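Remember, it's a predicted structure, so these values are computed and weren't measured experimentally. Start at 1 and go down the list; that is how both ligands and their atoms are numbered.
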Amino acid sequence: MRRLLFLLGFGGLALWMAGCQGTAVATPTPTLVPPTPTEITVTQTPSLPILDPDEIAQGETVYAANCASCHGVNLEGEADWKIQNADKSFRSPPHDETGHTWHHPDDQLIEAIALGGARFEGLNIGGTSNMPVFGEILTDEEITAVLTYIKSSWPDDIRAIQWQMSVQTEE
Ligand code: HEC
């Protein structure tokens, strides 16, 4: 009987030690593991880029000379711009936050400016656009600048949506 108790006691001790070892292996030490830089960039939303004031100023000049006659001096677009003209041509939409320019990512907007109405050639979109082919009139730098000027008129929340869209389509 005494021997049996001894064996039980010994066995219990062995089990206790095994359990202890098992626990020691399984216990994570979270406080000692800092997040890696990759994890930080994935979980944090980068802040909205600041628009270059010189580029905005250049874009404003380009806009006044080339776009304002159709899209309005204050980016307001033509009156009743959602209605097509009798000849099926589209009216010039606003570029401020009341229009749909900000619904498109950068690459589409640059294409729209560079190709103008010619980008619809051969496509059945139910209307025509008399917007000129600015890729033949303006430099790439002027096209980027005029887009930056347009963006500078958008409130931050709208600019953030358009910026996120542009970043996603670049990937
Ligand atoms: C002769 C008139 C005219 C001029 C000048 C003009 N546009 Fe347009 N633009 C239009 C019309 C009409 C549309 C709508 C049909 C279309 O998308 O082509 C348009 C559409 C656009 C769009 C697409 C907007 C969207 O939401 O899809 C952009 C961007 C644009 N114009 C930028 C410019 C810029 C920048 C300039 C000056 C460099 C300019 N336009 C000069 C007539 C003009």
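Not a single N or O atom of Asn66, backbone or side chain, sits closer than 3.5 Å to an N or O atom of ligand 1.
In this structure, Phe120 has a heavy atom closer than 4.0 Å to ligand 1. Proximity of Glu78 to ligand 1 is not established, as no heavy-atom distance is less than 4.0 Å. Residue contacts with ligand 1 leave out Glu142, since none of its heavy atoms falls under 4.0 Å from the ligand.
A heavy-atom distance below 4.5 Å is found between the side chains of Gln58 and Glu141.
Among protein heavy atoms, the minimum distance from atom 12 (C) of ligand 1 is reached at Phe90 O, 3.3 Å. With hydrogens left out, the protein atom closest to atom 28 (C) of ligand 1 is His95 CE1, 3.4 Å, a heavy atom. Of all protein heavy atoms, the one lying nearest to atom 24 (C) of ligand 1 is Thr101 OG1, 4.0 Å. Scanning all protein heavy atoms for the shortest distance to atom 17 (O) of ligand 1 gives Arg119 NH2, 2.7 Å. Here the heavy atom of the protein found nearest to atom 41 (C) of ligand 1 is Phe134 CE1, 3.3 Å.
The residue Ser89 has no part lying near ligand 1, judged by heavy-atom distances below 4.0 Å.
To the nearest 0.5 Å, the span separating CD1 on Ile56 from CG on Leu147 amounts to 11.5 Å. Summarising the geometry, atom CG belonging to Leu51 is positioned 6.0 Å from atom OG1 belonging to Thr148; distances are rounded to the nearest 0.5 Å. Rounding to the nearest 0.5 Å gives a distance of 6.0 Å between CG of Asp96 and OG of Ser153. For the atom pair SG of Cys70 and CG of Asn130, the computed distance is 6.0 Å after rounding to the nearest 0.5 Å.
Heavy-atom proximity to His100, at under 4.0 Å, picks out these atoms of ligand 1: 25 (C), 26 (O), 27 (O). If you number the atoms of ligand 1 from 1 as listed, the ones under 4.0 Å from a heavy atom of Val146 come out as 35 (C). Remark: ligand 1 atoms within the under-4.0 Å shell around heavy atoms of His104 are 25 (C), 26 (O), 27 (O).
Considering every non-hydrogen atom in both Gly99 and Trp102, the closest pair reads O-NE1, 3.2 Å. Shown here for Ile137 and Pro132, the closest heavy-atom pair between the two residues is CD1-CB, 4.2 Å. Residue Ala118 comes nearest to Val133 through the heavy atom pair CB-CG2, 4.0 Å, listed as atom of the first residue, atom of the second, then distance.
Pairs of residues two or more places apart, or lying in two chains, that qualify as side-chain hydrogen bond (donor to acceptor under 3.5 Å, both in side chains) and include a residue from residues 59-75 are His71-His95. Residues in residues 123-143 take part in no ring pair (Phe, Tyr, Trp, His ring centres under 6.0 Å) pair, two or more places apart or across chains.
Less than 2.8 Å away from atom 8 (Fe) of ligand 1, the protein contributes these N/O/S atoms: His71 NE2, Met131 SD.
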Please tabulate, for side-chain N and O atoms in residues 80-90, each donor-acceptor pair with protein atoms closer than 3.5 Å (sequence neighbours left out).
| from | atom 1 | to | atom 2 | distance (Å) |
| --- | --- | --- | --- | --- |
| Gln84 | NE2 | Lys88 | O | 2.8 |
| Gln84 | NE2 | Gly126 | O | 2.8 |
| Asn85 | OD1 | Arg91 | NE | 2.8 |
| Asn85 | OD1 | Arg91 | NH2 | 3.4 |
| Asn85 | ND2 | Ser89 | OG | 3.0 |
| Asp87 | OD1 | Ser89 | N | 2.9 |
| Asp87 | OD1 | Ser89 | OG | 2.6 |

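Between the side chain of Gln162 and the backbone N or O of His103 there is no donor-acceptor pair closer than 3.5 Å.
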